[in-house]
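One structure is given below, encoded as structure tokens.
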Number of protein chains: 2
Amino acid sequence: MARRQRSSLTDVAHAAGVSIATVSRAMSQPEMLRADTLERVRAAAARLGYRPDHVARTLASGKSHTVGVVIPTLNSPIFADTLQEMQRSLDAAGYQLLVASHEYDPAGEFAAVDKLLAHGIDGLVLVGGSRPEATWKLVESAGVPVVQMWCGRSDHACVGVDNHAAGELVARHLLALGHRRIAVITGRLRHNDRQRARLEGIRAALSEAGVALPAAYLTEQALSVPGGRVGCSILLELADRPTALIGTVDVIAIGAIAECHARGIAVPEEMSIAGIDNIELAAHVSPSLSSVEIPATRIGSETVERVLALIADMTKAGHVMLPIELVERHSTGRPGETR
Amino acid sequence: MARRQRSSLTDVAHAAGVSIATVSRAMSQPEMLRADTLERVRAAAARLGYRPDHVARTLASGKSHTVGVVIPTLNSPIFADTLQEMQRSLDAAGYQLLVASHEYDPAGEFAAVDKLLAHGIDGLVLVGGSRPEATWKLVESAGVPVVQMWCGRSDHACVGVDNHAAGELVARHLLALGHRRIAVITGRLRHNDRQRARLEGIRAALSEAGVALPAAYLTEQALSVPGGRVGCSILLELADRPTALIGTVDVIAIGAIAECHARGIAVPEEMSIAGIDNIELAAHVSPSLSSVEIPATRIGSETVERVLALIADMTKAGHVMLPIELVERHSTGRPGETR
DNA sequence: TGACAAGATGTAAACGCTTTCATTACGCGT
DNA sequence: ACGCGTAATGAAAGCGTTTACATCTTGTCA
């Protein structure tokens, strides 16, 4: 297993009988060379199996053609969709995506950002705007363009949705169906502005309708199917059992449906359940899940567009709010008998 | 937004009144310095907010402390689990994970590998062993240690499971329940040795029991829930309807359950359905899905262990087969009335 | 045919770090 | 106080590119 036998510019230059500058140009600005020279260099490069060294290139040019993204977790269908699209769009633009995750830990996020920055990324993508000042300072001192996804602070570009409105949307849907005892299962709120905004939206819609959200009707759980199950079972034990449940993300709502199933509680007859995100699976559980469509793929493509624009010229780009919409399916209905 | 104001070794050296070599050592081999010098350098570095430049470091040392992984898709719960764990383990070892995906396209995989290699990765992780010779050549000529995941060619290290055995396991389970008309929904077999091995395992178990797998009982679909639904609906239209369905991955099996639900076909009474992977969701759909546990997380950690070992000394490591096991749940049962 | 502009190629200095080798400083025994 | 071995530090040469800037070819036009 030969070690580092990759040939360098020098080797190719020597083989083609030209200077390394010429070879460099043959690689990056072929139109500057005379046709026969270009041909000669290309032949030599091919013969030697030359591959440009991205690391050296980055050091010399200061441009890495790489965009870093820091996400809470890889284990989420919605982030996966967004990442997939980012990878696609960046690739099409000749850029590479560098992914780091931190499991919802602010210190981990700082470390991830630091690493990415040290890797010489040209642009940085973060999720949400809520993080320690130290992290923001780090980003700003690096002078690298940033764009936030989902939601974010107003002093940096952002491509997202109105999470508050998403919360309102689900809540209003349930209210319109006649529900008055509506409980909520959210993810951990600390360090998570998306979850907080959704919850606030729900609160706003509820209080606007004169409906209270008692503390007992709110439970914070892991952002996962089991999290949803746990949350649901807690709410089902309540003396004053709710008639409807909102999961602030679909995976939680799906967990809640599973728990009701396991307990023989009919959805939506005895319990209406709704989520937010409209992940692919939402349409395929039974009953199919009413949810709020969040255009994850589009967030990905628009984010890439923004970050590439910022890299090209460092003008500040504003906030982009993508449209969301309620998708009614079969997990929600009018409240049943009043117990 | 200041540009590249990151301070360099030179700045710190100047501020601390030492040479850049000393600063470099203060960063990487602090034990070589006298306590007071070290302190002085550290203070200067802190004052200037110095952060080492990973790119320069890589170029100078030839070590990038980065491992690249190329996966078919980010949009798969099982890969997500593995990646998550790889990220964790690598991080703990001071390494960074570089992820690229290619949507099951061999040309895309080649491009991804090429990019990763150009990025100066110290180690490479691939999924499966089935790819064009050109890709293997590229990898080998780079002299970078490789480890395959899930399954792979014997001339390179591999951490995986016996996919053939996994196929046998599900098939035998269904046979043991008394099924004789067993149909299979797989992912695309071309370029996917995991899928092929699982299918072969199923075939082997079937033929061993003297049961045929007619061509009509086999359908290739997308590796997704909708893929499973489509496959299932095709099989349900058959005149000689099967009594059991195997999805070679859980998401397909879950799609099949959804389709049966939608058509009012009782699972498992009228149709038994089983999968492979045992993703988290499998336990929470209804009926809960019988599946074969594939230790995705452990594949991640063992893979990292192997690749780091290979980076440390280039001795060839062999193949590791992780244990798998059947998890019986409620989606499978004895065949019902014979129609 | 000669001069010149434009185009093609070469030279060499970065980029920020690691690392080898040389040099200097230090502690100790006598 | 001297010399010596060792520990600490410095000088400088890369690592493989990019990119001014300098130099050398061309072709063109008077």
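Just so it is clear: chains get the letters A, B, ... in the order the sequence lines come, proteins before strands, and each one is counted from 1.
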For [Y], is there an ion pair with [X] - N to carboxylate O distance below 4.0 angstrom?
X	Y	result
Glu85(A)	Arg88(A)	yes
Arg306(B)	Glu302(B)	yes
Glu109(A)	Lys115(A)	no

Which whole-number value in Å describes the distance from [X] [atom1] to [N] [atom2]?
X	N	atom1	atom2	answer
His14(A)	dT9(C)	NE2	P	18 Å
Leu9(B)	dA11(D)	CG	C1'	15 Å
Asp36(A)	dT9(C)	CG	C1'	12 Å
Lys63(B)	dG16(D)	NZ	P	14 Å
His65(B)	dC17(C)	NE2	C1'	13 Å
Glu31(A)	dA8(C)	CD	P	10 Å
Met32(A)	dA20(D)	CE	P	11 Å
His54(A)	dT18(D)	NE2	P	10 Å

What's Met27(B) touching, base or sugar-phosphate or nothing? Going by heavy atoms closer than 4.0 Å.
nothing
How is Val18(A) classified with respect to the nucleic acid when contacts are heavy atoms under 4.0 Å: base, sugar-phosphate, or nothing?
sugar-phosphate
Between [options], spot the one nearest the side chain of [X], thanks.
X	options	value
Ala56(A)	dT17(D), dT9(D), dC17(C)	dT17(D)
Thr37(B)	dA8(D), dC17(C), dA8(C)	dA8(D)
Ile20(A)	dC17(C), dT20(C), dA12(C)	dA12(C)
Arg57(B)	dC15(C), dG10(D), dC17(C)	dC17(C)
Ala60(A)	dG16(D), dT9(C), dG10(C)	dG16(D)

Short side-chain N/O contact from [X] to OP1 or OP2 of [N], under 4.0 Å:
X	N	result
Ser19(A)	dG10(C)	yes
Ser24(B)	dT18(C)	yes
Ser61(B)	dC17(C)	no

For the pair Ser61(B) (side chain) and Arg57(B) (backbone), establish whether a donor and an acceptor sit closer than 3.5 Å, ignoring hydrogens and angles.
yes
Taking for each residue the nucleotide of DNA chain D with the nearest heavy atom, is it Ser28(A) or Arg34(A) whose nucleotide lies nearer the 5' end?
Ser28(A)
Residue met sooner reading DNA chain C from 5', once Leu59(B) and Gln29(B) are mapped to nucleotides:
Leu59(B)
Please confirm whether any donor atom in the side chain of Arg6(A) sits under 3.5 Å from an acceptor in the base of dG16(D), or the reverse.
no
Check this for me: does the side-chain of Arg25(A) come within 3.5 Å of the base of dG10(C) through a donor and an acceptor?
yes
Non-hydrogen atoms of His119(B) and Gln96(A) that approach each other most closely
NE2-CG, 3.8 Å
Kindly say whether the aromatic ring centers of Trp136(A) and Phe110(A) come within a distance under 6.0 Å.
no
